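One structure is given here, and the rest of the page talks about it.
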There are 2 protein chains.
Amino acid sequence: MPQEVDKLGTVRVYPDKTPVYHQGDTATRIFRVNSGVVMTFRMLEDSQRQITGFCTEGEFFGLSPNGEHMDGAITVTSAGIQSVSIAALETDSDLRTRILNHSWRKIEDAQNLMMTLTKTSSEARVAAFLVMLAERKARRSEDDGIEVRLPMSRLDIADYLGLSRETVSRRLNDLKSLGLIGLPDTHTAKINQFAGLRRCAGLSAAH
Amino acid sequence: MPQEVDKLGTVRVYPDKTPVYHQGDTATRIFRVNSGVVMTFRMLEDSQRQITGFCTEGEFFGLSPNGEHMDGAITVTSAGIQSVSIAALETDSDLRTRILNHSWRKIEDAQNLMMTLTKTSSEARVAAFLVMLAERKARRSEDDGIEVRLPMSRLDIADYLGLSRETVSRRLNDLKSLGLIGLPDTHTAKINQFAGLRRCAGLSAAH
DNA sequence: CGTTCTGTTGAGTCACCTCAAGCAGTGTGG
DNA sequence: CCACACTGCTTGAGGTGACTCAACAGAACG
């Protein structure tokens, strides 16, 4: 897809933990992750944080209605990021259609997360998080035994799932005790029983 | 705005509590509220429900990425609704831009709701809900004493805010006891102290 | 004037949070 | 090479805010 690369501009590489833009910045460009992981988040006055998404390869972020970024974005790992000016959207009808479709997917993601945040136990949330990461990694996700990287901190996961850092830690170890996952090190999860994990997340068995 | 009406098709009137479309339906059209209130919601297997939004005049709903509705939509009050086929979007670049912008606003709304759902107490959530409705009604919203209609049931509010019906009822009465609001009847809230209500919702004083 | 549906109120429980201590991995300077 | 500090993760103990269950009140409806 070299054509797409052209449209979206050259890839710029960011080190890990590097801000891409800040909440409140004027929004002139929209971004796309080419490699690595980027997270978007919103802050409240009292330094409360909600992580609104972890973006991996192919995902757009920085979509803002008012010309002002409503969230901040920071790299979790080192990441390659492309961007295109919002002005360019005006002229490129094709790209605009693509962004529109992607925006709708983002609405769906946000609504999924809302369900997770309100309707499920802490265990189900953590399980759902792992399932999400696993399904991103592999379409053929029914395979047990695949390993998922967790490049973000426990606090990042907590702020995504609406839990405390301690609860995330506890539930991960619970899932390990149940035999559903393994934790070879703190930033890797091995999915032992994918179906069981999905069930635990409150999801139906099939993909 | 008669031109807009033309683009979006004629207004069709739905009685209250009438489904507009169901979760899982194939998505061929997108909708716009012309009058009244429509709510969108998602269901989980065990009849858990998350209301994803209350749409009032001017708002679009039914935006779906895959040609399948990821949420359901039902009128809360009697409502006038326009719609346009997704196919028509392909040809109408102008409308598409408008929808794109509206979609980004929806993402913002969803993220706002996520903050509310995870980071605030039940009291703050109910206060935030009332503030939201009040600000929709009146741009000049600093006026104390305005009355807000609550056409939806307590359970609807609960399923929007991620609370139980009982908690919504309790917190509304708490806000009444604090003198911030009045409840002349169950489906009307009178905002006595707008600034105080905003503070209670965890929002800064200014609009 | 029952019947039903929605909203309110009370009592008790529990899941998750908070606070606090301990631990492992990593880096730093003597 | 080894104390030392520092950061991120884990584990334990205790508190609490919202849920659940249950009874009641009031409105809507036939």
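Just so it is clear, the model here is predicted, and its values are computed rather than measured. Naming: A, B, ... by sequence-line order, numbering from 1 per chain.
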Checklist entry - Distance from B:K17 atom NZ to B:M39 atom CE, nearest 0.5 Å? => result 7.0 Å
Checklist outcome for this item: Overall bend of the helix from C:dC1-D:dG30 to C:dG30-D:dC1 (five pairs an end, 10° steps) is 30°
Item to check | Length of the CG-P vector between A:L172 and D:dT11, whole Å | outcome: 11 Å
Checklist entry - Hey, mind stepping through A:D46 and B:K119 against salt bridge (Lys or Arg N to Asp or Glu O under 4.0 Å) and telling me if it holds? => result CA-CA 10 Å; A:D46 48 347; B:K119 304 297 175 187; over 6 Å; no
Checklist entry - With a 4.5 Å heavy-atom cut-off, do A:F31 and A:E59 have their side chains touching? => result no
Checklist entry - Would B:R42 and B:Q50 count as having a side-chain donor-acceptor pair, cut-off 3.5 Å? => result no
Item to check | Between C1' of C:dA24 and CG of A:D185, the distance in whole Å | outcome: 13 Å
Checklist entry - Where do B:I107 and A:S103 come nearest, in terms of heavy atoms and distance? => result CD1-O, 3.8 Å
Checklist entry - If each of B:N173 and B:K17 is mapped to the nucleotide of DNA chain C with the nearest heavy atom, which maps nearer the 5' terminus, i.e. the 5' end? => result B:K17
Next on the checklist: Taking the side chain as everything from C-beta on, heavy atoms only, tell me whether A:Y21 gets closer than 4.5 Å to A:I74.
Outcome noted: no
Next on the checklist: How many whole angstroms separate atom CG of B:L183 from atom C1' of C:dT8?
Outcome noted: 12 Å
Checklist outcome for this item: Letter by letter from the 5' end, nucleotides 17-30 of chain D scores (B base, S sugar-phosphate only, - none; protein heavy atoms under 4.0 Å) -SSBBB--------
Item to check | Euclidean distance, atom CG of residue B:L155 to atom P of C:dC5 [Å, nearest integer] | outcome: 14 Å
Checklist entry - Which is it for A:D174 and A:R171 under the salt bridge (Lys or Arg N to Asp or Glu O under 4.0 Å) test, yes or no, and what are the steps along the way? => result CA-CA 5 Å; A:D174 288 353; A:R171 291 304 97 83; 2.8 Å; yes
Next on the checklist: Quick check: do A:V11 and A:I81 have side-chain heavy atoms less than 4.5 Å from each other?
Outcome noted: no
Next on the checklist: Between A:T40 and A:T52, is there a side-chain donor-acceptor contact under 3.5 Å, judged purely by atom types and distance?
Outcome noted: yes
Next on the checklist: Using whole Å, what does the distance between atom C1' of nucleotide C:dC5 and atom CZ of B:R154 come to?
Outcome noted: 14 Å
Next on the checklist: Between P on C:dT6 and CD1 on B:I157, what's the gap in Å once rounded to a whole number?
Outcome noted: 13 Å
Checklist entry - Just how far, in rounded Å, is P of D:dG12 from CG of A:D174? => result 11 Å
